[in-house]
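Have a look at the structure below before the remarks.
Whatever order the structure lists ligands and atoms in, that order sets their numbers, starting from 1. Numbers for residues simply follow the sequence, beginning at 1. Source: prediction; values computed, not measured.
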Amino acid sequence: MLKKLFQSFRPPIGGQHHRRTTPEVINSAQHSLQRSQFSRHAVGIVERLQTAGYQAYLVGGCVRDQLLGIPPKDFDVATSATPEQVRAEFRNARIIGRRFKLVHVHFGRDIIEVATFRAHHSDDDQGDAHRSSHNASGRILRDNVYGTLEEDAQRRDFTINALYYDPVSERILDFANGVHDIRNRLIRLIGDPAQRYQEDPVRMLRAVRFAAKLDFGIEKHTVQPIRELSSMLREIPPARLFEEVLKLFLSGHAALTFEMLVDLQLFEPLFPASAQSLEERPTYTHTLISQALANTDLRVKQGKPVTPAFLFAALLWPALPARALYLQTQGVPPIPAMNGAAHDLIAEQCQRIAIPKRFTLPIREIWDMQERLPRRSGKRADLLLDNPRFRAGYDFLLLRESAGEETDGLGQWWTDYQEANDSERRDMIRDLGSRDEGAATGQRKRKRSPSKRKRTDDDVFD
Ligand code: ATP
Ligand code: MG
């Protein structure tokens with residue numbers, strides 16, 4: 001499968017595959033797009049800007065996806081008008097962003113993103129840090145150098161993302177042979193791949209994301225520098241990586257994405273502790289993560305909600321035991337050791353990927369649940385069932401079992417318990433006898449009822 005993904009494709013004879021100043025113009029008879037397929041708000045913006053004398057097109061993912069018969073996620077507009085000029089045309093427009101200034105035009109809950117044509121950076125631009133700046137390794141820190149349509153096409157990432165559709169003339173402008181690559185199902189960077197990754201290492205993740213989402217191969221020269229440059233992801237601000245990682249894993253193709261990330265050595269800079277577990281306990285770690293991602297993909301396809309917390313809980317779980325064991329060798333009792341390990345692991349992970357508090361708390365609760373699900377006697381089982389995290393905790397238990405963790409049939413017990421009536425439940429609890437009261441958890445239990453108990457990071461241990 002991976003072989004197919006990374007197949008290469010011979011560029012058309014005549015060279016200059018991805019650099020042209022005059023576009024190939026594909027008129028309405030030669031392509032399948034129709035104006036009516038695009039958001040009428042986006043089309044309205046383009047018409048309005050054109051009437052005001054600017055150039056304006058639909059661009060990027062919405063053109064690419066429609067050509068492939070996929071419903072687009074959002075509609076982006078590119079224009080020769082500056083953000084201020086765009087704002088002046090629309091009452092419902094706001095300028096956003098610093099690294100990359102854009103205009104959001106609001107139509108109720110629908111937002112259309114309008115970007116001004118941008119150019120590549122030249123050294124001359126470097127003096128003006130408000131417009132453009134690079135760091136020592138060539139990474140673009142600010143990208144507000146405006147340019148022509150041609151320049152805008154060249155600074156986009158992949159050829160298939162550099163197609164411009166004019167809904168008025170219904171023509172497509174193709175500066176980078178993007179239509180050719182769509183036909184041949186290839187992800188190909190525009191320009192020199194190594195340089196384009198150095199400018200923005202996140203493009204490495206985007207290559208993987210689009211390959212998985214579209215079921216495309218990554219062209220040979222585009223894939224070639226990735227392994228060598230993958231560690232550049234460590235320089236990306238953790239908040240941006242959080243957004244990208246969500247896109248990678250909530251796209252409905254997370255299982256395949258994970259395989260590709262590992263293969264291209266992009267997983268390690270994102271999840272260093274998990275990558276280490278993948279080396280130390282490959283089968284277990286791989287099964288647990290793949291299974292979690294496959295479940296996520298299924299839920300996305302069924303239109304069910306997915307929580308990033310569950311995803312991160314699974315991605316990090318394999319790294320926990322080694323850490324907890326280490327703390328135990330330092331004399332920390334088992335449960336505080338587990339909590340200490342959880343706390344440290346999340347803190348460490350947040351240095352790479354800024355997981356917001358609203359997700360880190362539920363991650364801890366899902367993990368916490370794993371310690372509590374075995375302790376079922378008395379009223380505990382019923383209290384656990386009422387816990388708002390029960391479902392996630394139970395699903396997580398089944399996930400662990402599917403990866404081969406030995407739990408003495410605990411998952412099945414909970415499945416049966418949920419289906420049982422009151423008297424059957426009483427029997428099930430009675431049958432447990434004393435065997436569920438793990439010796440390890442000893443004295444500290446009976447003080448607070450599980451539903452009231454709320455752990456904070458501080459009470460973990462000092
Ligand atoms: P989707 O919205 O389906 O995720 P998309 O291609 O629309 O895919 P966006 O992130 O919405 O992706 O970006 C819109 C367009 O902006 C892209 O198609 C591409 O042309 C350009 N672009 C986005 N990110 C980059 C980048 N890091 N480097 C160069 N061009 C980019
Ligand atoms: Mg988009």
Check: Counting both backbone and side chain atoms, is some N or O of Asn161 under 3.5 Å from an N or O of ligand 1?
Finding: yes
Check: Has ligand 1 got any nitrogen or oxygen that is less than 3.5 angstrom from a nitrogen or oxygen of Cys62?
Finding: no
Test of understanding: given a 4.0 Å heavy-atom threshold, classify the contact between [X] and ligand 1 as side chain, backbone, both, or neither.
X      : answer
Asp76  : side chain
Val59  : neither
Phe210 : side chain
Lys73  : side chain
Asp157 : both

Next item on the list: Establish, yes or no, whether a centroid distance under 6.0 Å links the rings of Phe258 and His286.
Entry: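 Phe258 vs His286: aromatic centres under 6.0 Å.
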Considering non-hydrogen atoms of the protein only, which is the closest contact for [atom], and what is the distance?
atom                    : value
atom 27 (N) of ligand 1 : Asp200 OD2, 2.8 Å
atom 6 (O) of ligand 1  : Arg64 NH1, 2.8 Å
atom 28 (N) of ligand 1 : Arg203 NE, 2.8 Å
atom 16 (O) of ligand 1 : Arg156 NH1, 3.3 Å

Notebook entry, point to check: Can an N, O or S atom be found in Glu113 less than 2.8 Å away from the Mg ion (ligand 2)?
Noted result: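 Looking at Glu113, which is the residue asked about, there is no N, O or S atom under 2.8 Å from the Mg ion (ligand 2).
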Next item on the list: Please work out which of Arg196, Arg206, Lys247, Arg209 has its closest non-hydrogen atom nearest to atom 24 (N) of ligand 1.
Entry: Arg206
Notebook entry, point to check: Atoms of ligand 1 less than 4.0 Å from Lys213 heavy atoms?
Noted result: 3 (O)
Checklist line | Ala314 versus Leu288, closest heavy-atom pair with distance | finding: O-CD2, 3.3 Å
Item checked: Partner of Phe396 under ring pair (Phe, Tyr, Trp, His ring centres under 6.0 Å), chosen from Trp317, Trp414, Phe390 ->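 So the option named by the test is Trp317.
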Check: Does Glu113 reach ligand 1, in the sense of a heavy atom lying below 4.0 Å from it?
Finding: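 Judged by the 4.0 Å heavy-atom criterion, Glu113 does not count as contacting ligand 1.
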Notebook entry, point to check: For the side chain of Ser39 and the backbone of Phe75, is there at least one donor-acceptor N/O pair under 3.5 Å apart?
Noted result: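 Judged by distance alone, no pair lies under 3.5 Å.
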Checklist line | Side-chain (Arg196) to main-chain (Arg155) donor-acceptor, under 3.5 angstrom | finding: yes
Check: Among the N, O or S atoms that Asp74 has, which is closest to the Mg ion (ligand 2)?
Finding: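 Among the N, O or S atoms of Asp74, the one closest to the Mg ion (ligand 2) is OD1.
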Next item on the list: May I ask you to decide whether Asp65 forms a salt bridge with Lys213, counting only side-chain N to carboxylate O separations under 4.0 Å?
Entry: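 Salt bridge flag = yes for Lys213 with Asp65.
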Next item on the list: Starting at CZ of Phe310, measure out to CG of Leu399 and round the result to the nearest 0.5 Å.
Entry: 5.0 Å
